[in-house]
Novice: 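Provided herewith is a single structure, encoded as structure tokens, for subsequent inquiry.
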Amino acid sequence: MHSSKRAILQKRLLRWYEENRRDLPWRNVADPYAVWISEVMLQQTQVQSVIPYYGRFLKKFPNIPALANAGTDAVLRLWAGLGYYSRARNLQAAARIIVERFGGAFPGNYADILALPGIGRYTAAAIASIAFGQAYAVVDGNVSRVLTRLLGISGEPKSIAVQSRLWEAAQRLLPASRPGDFNQAVMELGATICTPRQPECSSCPWTRHCWARQQGRQESLPEKARGGPARKSHQAAVVVRHRGRYLILRRSSQRLLKDFWEFPSVELHNRQTASEMAARLASEACGLKINSVEPLMTVKHSITTRRIELQVFQAEVERGAILEPNAPGRRWVGLKDLGRYAFASAAQRILAELRKSSGAASRTT
DNA sequence: AAAGCGGGGTC
DNA sequence: GACCCAGCTTT
């Protein structure tokens, strides 16, 4: 691309950005720590999902030492529901490294940033450009879409070959001045105008220079990646109650959702019925014979490669029963105190149902 | 190079 | 349903 055309593209996009950018909580933020938090939360996560978490997190952990000194459970609790929980673990691990190695000040050197856990090429470039004004281009899903269309890049967008071309193109396009604004402008264009379906080319500052637009191919680029169908999973869970307290277990051995709490649950195989397995779970979990379980609700949720249908039952333990006591990884907890534990989304849905029915019960009594 | 990792929004 | 999202890490 000719340098004069590059200058036109830069100027037009930056002007468009100034006039059209959304007002988001992390705009006009100079603190590298806050930029870092926002970028990590935004990894594979849409803006609207991040907004409520961002403010809460910064309020609870306003600076790097606060995050470094926090307990893991407190961090996970604030992240609960946002997904990809290794992000939260890495965030804290990185905060501790920054305290030890950089005296608590976020490093301004690209290689140092990239070396932190949970920070890859995208996030390192985003922080370096936005927080430190350094000319490192970013390529995310938005930028990939915008540039494949602008430049007419075919091929699987996630392939090494295409990614390599995209990073090069993005870096060539990046102006030396205001690289942070420019990076955000390309992403903003992809998020609001150059969308996956039905892009609004008539409002795009690059429409006259766009290869795909000229070819009428803006909806056939980038090429679609083909993923297999999500596997189905059928699970049963049981809410065991005893004198107003509920039994919860901590996921300690599994890699998935490690350290989160949940109600006892099991994957159903073959012809196992949910109610039968729920009764068995309840008996095993509290060491008592449970006579009857009643259906409570069905939770459907999907995680990347699985679609899960979770049938939830409830069981009441006899008042006079002697329970196995609390132990590491198992607790009997009252409804009010359940808020102090980290629950991922499926368990939170159950929790919401318990609160609802308990509220209804207390209103009628 | 491919898979695993969560969850929600959208069409 | 399938696709997508301000990706990173492990295998």
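Values below: all heavy atoms of this structure, side chains included; hydrogens, waters and symmetry mates excluded. Order of the sequence lines sets the chain letters (A, B, ...), proteins ahead of strands, with each chain counted from 1. Just so it is clear, the model here is predicted, and its values are computed rather than measured.
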Novice: What's the CZ-C1' distance between A/R87 and B/dG4, to the nearest Å?
Specialist: 14 Å
Novice: Which residue, A/N90 or A/V47, contacts DNA chain C at a nucleotide closer to its 5' end, judged by nearest heavy atom?
Specialist: A/V47
Novice: Determine the contact category for A/A344: base if any of its heavy atoms lies under 4.0 Å from a base atom, sugar-phosphate if only primed atoms, P, OP1 or OP2 are that close, otherwise nothing.
Specialist: sugar-phosphate
Novice: Regarding A/W26, tell me which of base, sugar-phosphate or nothing describes its non-hydrogen contacts under 4.0 Å with the strands shown.
Specialist: base
Novice: Measure the distance from CD1 on A/I51 to P on B/dG7 and round it to the nearest whole Å.
Specialist: 20 Å
Novice: Send over the distance from A/Y122 OH to C/dC5 C1', rounded to a whole Å.
Specialist: 11 Å
Novice: Over how many whole Å does the gap from A/L82 atom CG to B/dG9 atom P extend?
Specialist: 12 Å
Novice: Take the protein atom CG of A/L42 and the nucleotide atom P of B/dG6, then report the distance between them rounded to whole Å.
Specialist: 18 Å
Novice: Check A/D112 with A/R101, please: is the shortest side-chain N to carboxylate O separation under 4.0 Å?
Specialist: no
Novice: Just checking A/L257: base, sugar-phosphate only, or nothing, at a heavy-atom cut-off of under 4.0 Å?
Specialist: sugar-phosphate
Novice: Do A/N69 side-chain atoms and A/P65 backbone N/O form a donor-acceptor pair below 3.5 Å?
Specialist: yes
Novice: Would you measure the distance from the P atom in B/dG6 across to the matching atom in C/dT11 and give it in whole Å?
Specialist: 15 Å
Novice: Using a heavy-atom cut-off of under 4.0 Å over every strand shown, decide if A/S302 touches base, sugar-phosphate, or nothing.
Specialist: base
Novice: Look at the side-chain N and O atoms of A/Q44 and state whether any lies under 4.0 Å from the OP1 or OP2 oxygen of C/dG7.
Specialist: yes
Novice: On DNA chain C, check which nucleotide each of A/E188 and A/A230 is closest to and give me the residue with the more 5' one.
Specialist: A/A230
Novice: Roughly how many Å is it from CZ in A/R231 to P in C/dA2, rounded to a whole number?
Specialist: 14 Å
Novice: Judged by each residue's nearest nucleotide on DNA chain B, which is more toward the 5′ side, A/R255 or A/S49?
Specialist: A/R255
Novice: Would you say a side-chain N or O of A/T45 is under 4.0 Å from OP1 or OP2 of B/dG8?
Specialist: no
Novice: Regarding A/Q214 and A/R208, do their side chains bring together a donor and an acceptor under 3.5 Å, going by distance alone?
Specialist: no
Novice: Distance between the P atoms of B/dG4 and C/dA6, in whole angstroms?
Specialist: 24 Å
Novice: Output the single nucleotide from B/dG6, B/dG8, C/dC5 whose closest atom is nearest the side chain of A/S345.
Specialist: B/dG8
Novice: Nearest 0.5 Å please: distance from the CG atom of A/L189 over to the CG atom of A/N142.
Specialist: 9.0 Å
Novice: What does A/G190 touch in the nucleic acid at a heavy-atom separation under 4.0 angstrom: a base, only the sugar-phosphate, or nothing?
Specialist: nothing
Novice: Would you say a side-chain N or O of A/R306 is under 4.0 Å from OP1 or OP2 of B/dG6?
Specialist: no
Novice: Hey, what's the ring geometry for A/Y110 with A/Y136, parallel, tilted or perpendicular (30° and 60° as the breaks)?
Specialist: parallel
Novice: Please work out if A/R349 contacts a base, only the sugar-phosphate, or nothing of the nucleic acid, heavy-atom cut-off 4.0 Å.
Specialist: nothing
Novice: Quick one: sort the A/F106 and A/F132 rings into parallel, tilted or perpendicular, breaks at 30° and 60°.
Specialist: parallel
Novice: Could you tell me whether the phosphate oxygens of B/dG7, OP1 or OP2, come under 4.0 Å of any side-chain nitrogen or oxygen in A/Y85?
Specialist: yes
Novice: Under 4.0 angstrom, heavy atoms only, what part of the nucleic acid is A/S86 near: base, sugar-phosphate, or nothing?
Specialist: nothing
Novice: Rounded to whole Å, how long is the line connecting atom NE2 of A/H301 with atom P of B/dG6?
Specialist: 11 Å
Novice: So what does A/K232 hit on the nucleic acid, given a heavy-atom distance under 4.0 Å: a base, only sugar-phosphate, or nothing?
Specialist: sugar-phosphate
Novice: Considering every strand and a 4.0 Å limit on heavy-atom distances, what is the contact class for A/R27: base, sugar-phosphate, or nothing?
Specialist: base
Novice: In this structure, is the centre-to-centre distance between the rings of A/W26 and A/Y54 below 6.0 Å?
Specialist: yes
Novice: In whole Å, I'd like the distance from the CG atom of A/N142 to the P atom of C/dC4.
Specialist: 12 Å
